[in-house]
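Here the structure comes first, spelled out in structure tokens, and everything after it is commentary.
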2 protein chains.
Amino acid sequence: MSASASQLDATFAALADPTRRALLARLEHKDNQSVSTLAQPFAMSLPAVMKHLDILDDAGLIRRAKVGRTVTCTLVAKPMEDAMAWLARYERFWTQQFDRLAAYLDSEQDRPAAKRRRKKPAKPNRT
Amino acid sequence: MSASASQLDATFAALADPTRRALLARLEHKDNQSVSTLAQPFAMSLPAVMKHLDILDDAGLIRRAKVGRTVTCTLVAKPMEDAMAWLARYERFWTQQFDRLAAYLDSEQDRPAAKRRRKKPAKPNRT
DNA sequence: TCAACACTTAACTATATGGTTAAGTTTTGA
DNA sequence: TCAAAACTTAACCATATAGTTAAGTGTTGA
């Protein structure tokens, strides 16, 4: 169930803007809000917010449904889960960086890392 | 220990390109590689790869060190951890969506036969 | 009916990305 | 010493973002 590369592209690109992250955060706090309600707190024009919603929609992070003249947006978190799954690969790496620093400080010989030759501080390595 | 908004901007933007994700993946597989070694498998010019490395560097995802005429790149996973922390807020949301699906499937057929029924992520957040 | 509401589209501007080729710079080794 | 290796910088191009204002499309309710 891994996401395609272009799907990850769209997801990360969508998340790279503070306005869009704020929009998602608003939906996370309260789902099913109209476009104008979502746009209200932002210091920019409605068309500008619309473009952000378009990008979120294209990335599959929200879904829009029109009822009468109002359009309500709902959060679709699945692509974020895929993004998180991609990032999870590096979890072992950042937890090990403490160890690597310790190993480096301990022995002046800097081998190409990746393998600690020192005792671990007994950190349970969960997935 | 949360990242600033502009730091998240840079991190997500850096991750939004498949070439850059591949560069990070190469470093994850083997750290401390030179620029030309990293660039070698990509079907683009060296300056193009350089620009990607600049963006990764600006986002703090890699660090470069010059020794003689070669520049070696090392992975810095910390900003990814911050990005993951931001995404984690939505974890409850997508698990809710699974639950909603599971509830729907349960109501469809009167059995608790939903395969992916996960009630909680149950990930003990070690500190 | 018809004006106000809730978007939507269009046209435009400025800047950033993602790539190119060509021409530097600094180090190294024969 | 001097050419080649390993980057780096510069100049350019096409496209995408991120915003603007202005005008257009449906829908609703008084």
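Within every chain, numbering begins at 1; the chains are lettered A, B, ... in the order of the sequence lines, protein sequences first and strands thereafter. This structure is a prediction, so every number in the text was calculated from the model and none was measured.
One side chain, Q7(B) or T11(B), offers a donor N or O that lies under 3.5 Å from an acceptor on the other.
Note: CZ (F42(A)) to C1' (dT20(D)) measures 18 Å, nearest angstrom. Here the C1' atom of nucleotide dT9(D) and the CG atom of D54(B) are 11 Å apart, to the nearest Å. In this entry the distance linking CE of M50(A) with P of dC5(C) reads 18 Å, nearest Å. Residue L53(A) contributes atom CG, which lies 15 Å from atom C1' of dT17(D) at whole-angstrom precision. One atom, CG of D57(B), and another, C1' of dT8(D), lie 14 Å apart when rounded to the nearest Å.
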How does protein contact run along nucleotides 24-30 of chain D, one letter per nucleotide 5' to 3', with B for base contact, S for sugar-phosphate only, - for none, heavy atoms under 4.0 Å? --BBS--
Spell out protein contact along nucleotides 11-21 of chain C as letters: B when the base is contacted, S when just the sugar-phosphate is, - when no protein heavy atom is under 4.0 Å; keep the 5' to 3' order. B------BBBB
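Note on L8(B): it clusters hydrophobically with M84(A), by side-chain heavy-atom contacts below 4.5 Å among ILVMFWY residues.
Salt-bridge check for D9(B) with R20(A): failed, with every basic side-chain N at 4.0 Å or more from each acidic carboxylate O. R21(B) and D17(B) are not joined by a salt bridge, as no carboxylate oxygen comes within less than 4.0 angstrom of a charged side-chain nitrogen.
For the pair Y90(A) (side chain) and L75(B) (backbone), a donor-acceptor distance under 3.5 Å is absent. Between the R26(A) side chain and the D31(A) main chain, no donor and acceptor come within less than 3.5 Å of each other.
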Let me see the working for D57(B) and R64(B) under salt bridge (Lys or Arg N to Asp or Glu O under 4.0 Å), right down to the final yes or no. CA-CA 8 Å; D57(B) 201 342; R64(B) 282 182 287 193; 2.9 Å; yes
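Close to dA6(D), at under 4.0 Å from its OP1 or OP2, lies no side-chain N or O of T70(B). Between S36(B) and dC7(D) there is a side-chain N or O to OP1 or OP2 distance below 4.0 Å.
For D58(A), the side-chain hydrogen bond (donor to acceptor under 3.5 Å, both in side chains) test picks out no residue, with sequence neighbours left out.
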